[in-house]
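I have placed the structure first, in the form of structure tokens, so that the comments after it can refer back to it.
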Amino acid sequence: MKKELITLAMLAAMVGACRSEKPAEVATVKDHFKNDFLIGAAIPVTHVNGEDPKADSIVTLHFNSIVAENCMKNEKIQPKEGEFFWDDADKFVKYGEDRNMTIIGHALVWHSQLAPWFVVDKDGNKVSPEVLKERMKNHISTVVGRYKGRIKGWDVVNEAIEDDGSYRKSPFYEILGEEFIPLAFEYAHEADPDAELYINDFSMFLPKKREAYVKLVNDLKKRGLRVDGIGMQSHIGMDYPEFDEYEKSIVDFAGTGCDVMITELDMSALPTVQWGANVGDRRDFRKMTPEERKEYFEQFNPYKEGLPEEISVAWNNRMDSVMDLYKKHADKISRVTWWGTQDGMSWKNGFPIPGRTDYPLLFDRNYNMKPFMVKELTNH
Ligand code: XIL
């Protein structure tokens, strides 16, 4: 066992050392899975701006799809009414084109990272359904229209359903009711009839959430709307989800006729605080006493100096099983996208508790590939 681990560590170092040139003897992740699914990475603006050349080499070598981590979100791309900020999104799209990648847009209608003006009038009151429809239509047609023919698919609606299967009481829902979802799909399709359209959420393994999405997508399709994919974000942990439930969702989602997409994969190595990935649920330390804060960090941020060997082994074993599940359902899953490249850049270092040191991605902080994937690439 020990010997095997040492060999894996050496191989991992080798892959890391050779990352800028394609080593003849080591397959790339994207080639390895080319008959299974696309391999994607969420890309931050710093990366597109050339500020992280090591991450750039890794993405260029191992990934064939990218998604915008933040730069296409509502508050970034239309921070004020009618004032669109295109610089970052333009660079992101060009980055993908230069590397011949499948480019994914994220996200058109979402309650988080929503520009505050979008749902209120000048007095701060909620806008009427007519005004919100107009704003949604304008936002979607402007953003999707700008990249028409260049973006393969869009996360049209993100996180619309609660864990218990009810509609999230977002401003979109409160103003327009359930109709905001079909409307968003209609507007996106009008703006780029050839673009694929997806619905996306976290904790998709939960039975009530699964049922609600199957019903919702079937209803949208019955109405003649285009829906190509159901995105399972998959911000997962060492003790969730249960594989049976996760698998049931993959199977049931595929049963709607949609592609299943693993859209935001990361697996926290830290003690679980919560399952959900609602950005607004980030813990607020300002409300805690220094003692509480200290206790909290000792309990939930235990690996500040590095991941202990046994935790690393457990993480890699579990990730191995996750990949096995995806491979088993490769006929249903069209894309597996990691929410970032290397551990140091993961949003999980700041969510749900700010200031932790987590180890959730495919490459470690030294840009070395994690052993489970090295094994996958060398054993087959
Ligand atoms: C995250 C980004 O990674 C962070 O940089 C940002 O501060 C908050 O949002 N679900 C989603 C993603 O759909 O857009 C979120 O991304 C993570 C949860």
Test: K348 cationic atom under 6.0 Å from Y359 six-membered ring centre, within 45° of axis: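 No, cation not above the ring by the 6.0 Å, 45° rule.
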Quiz item: cation-pi between R283 and F351, 6.0 Å / 45°: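 Not flagged: R283 not positioned over aromatic ring of F351.
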Nearest-0.5 Å distance, [atom1] of residue [X] to [atom2] of residue [Y]:
| X | Y | atom1 | atom2 | result |
| --- | --- | --- | --- | --- |
| K215 | T256 | NZ | OG1 | 14.0 Å |
| W154 | I140 | CH2 | CD1 | 10.0 Å |
| S312 | N316 | OG | CG | 5.0 Å |
| D36 | S334 | CG | OG | 12.0 Å |
| N64 | I39 | CG | CD1 | 7.0 Å |
| C71 | H106 | SG | NE2 | 10.5 Å |

Donor-acceptor contact present, side-chain [X] to main-chain [Y], <3.5 Å:
| X | Y | value |
| --- | --- | --- |
| D259 | G229 | no |
| N200 | D155 | no |
| N349 | D358 | yes |
| E242 | D244 | no |
| D284 | R286 | yes |
| D52 | A55 | yes |
| R223 | D219 | no |
| N301 | T357 | yes |
| S65 | T102 | yes |
| D192 | D194 | yes |

Pair H62 + F363: ring centers closer than 6.0 Å: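 Ring centroids of H62 and F363 are less than 6.0 Å from each other.
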Aromatic ring proximity F372/W315, centre distance under 6.0 Å: yes
If hydrophobic clusters are built from ILVMFWY residues whose side chains come within less than 4.5 Å, do [X] and [Y] share one?
| X | Y | value |
| --- | --- | --- |
| V217 | M261 | no |
| F118 | V156 | yes |
| V214 | L216 | yes |
| F202 | V67 | no |
| M345 | Y303 | no |

Sequence neighbours left out, what passes side-chain contact (heavy atoms from CB on, under 4.5 Å) with [X]? Give chain and number order.
| X | value |
| --- | --- |
| K248 | R210, E245 |
| R150 | V93, E97, Y147 |
| Q113 | N70, K73, E75, W110 |

Do [X] and [Y] have side chains that get closer than 4.5 Å, going by heavy atoms?
| X | Y | result |
| --- | --- | --- |
| Q342 | I58 | no |
| M232 | S249 | yes |
| H329 | V260 | no |
| Q299 | P271 | no |
| F185 | R226 | no |
| I104 | Y198 | yes |
| N138 | Y187 | no |
| Y213 | I161 | yes |

Residue pair E186, K137: steps toward the side chain to side chain contact (heavy atoms under 4.5 Å, CB included) verdict: CA-CA 9 Å; E186 190 187 307; K137 187 168 182 166; over 6 Å; no
More than 12 heavy atoms of other residues, nucleotides or ligands under 6.0 Å from [atom1] of [X]: yes or no?
| X | atom1 | result |
| --- | --- | --- |
| K332 | NZ | yes |
| K30 | NZ | yes |
| K294 | NZ | no |
| D331 | CG | yes |
| K287 | NZ | no |

Y326 and F37 aromatic ring geometry - parallel, tilted or perpendicular at 30°/60° bounds: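 Correct class here is perpendicular.
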Partner of K370 by salt bridge (Lys or Arg N to Asp or Glu O under 4.0 Å), out of D364, D320, D266, D343: D343
Distance-only polar pair, side chains of S321 and N317, donor-acceptor under 3.5 Å: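 Side-chain D/A pair, S321 to N317: absent.
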Any donor-acceptor N or O pair under 3.5 Å, side chains R335, T337: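 Yes, because at least one side-chain N or O of R335 sits under 3.5 Å from a partner of the opposite role on T337.
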Of all the heavy-atom pairs spanning [X] and [Y], show the shortest one and how long it is.
| X | Y | value |
| --- | --- | --- |
| C258 | I230 | CB-CG1, 3.9 Å |
| H111 | S170 | CB-CB, 3.7 Å |
| L361 | L265 | CD2-O, 3.9 Å |
| G237 | R318 | O-NE, 2.8 Å |
| I262 | S234 | CG2-OG, 3.7 Å |

Check ion pair K209-D201 (N to O, under 4.0 angstrom):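 Looking at K209 and D201, the cut-off is met.
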Connected-component partners of M288 among ILVMFWY, side-chain separation under 4.5 Å: V273, F285, Y296, F297, F300, I353
Intermediate values then yes/no, side chain to side chain contact (heavy atoms under 4.5 Å, CB included), V59 and T341: CA-CA 7 Å; V59 170; T341 313; 3.6 Å; yes
Passing candidate, ring-ring contact (aromatic ring centres under 6.0 Å, His included) with H235, options W347, W275, F205, Y240: W347
Contacts of type ring pair (Phe, Tyr, Trp, His ring centres under 6.0 Å), residue Y246, not counting sequence neighbours: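 Y246: no ring pair (Phe, Tyr, Trp, His ring centres under 6.0 Å) contacts found.
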Pair D98-K91, salt bridge (Lys or Arg N to Asp or Glu O under 4.0 Å): steps then yes or no: CA-CA 10 Å; D98 288 348; K91 278 189 250 175; over 6 Å; no
Which atom pairs, donor and acceptor, lie under 3.5 Å between side-chain atoms of residues 77-86 and protein residues at least two apart or in another chain?
| from | atom 1 | to | atom 2 | distance (Å) |
| --- | --- | --- | --- | --- |
| Q78 | OE1 | G82 | N | 2.8 |
| Q78 | NE2 | H139 | ND1 | 2.9 |

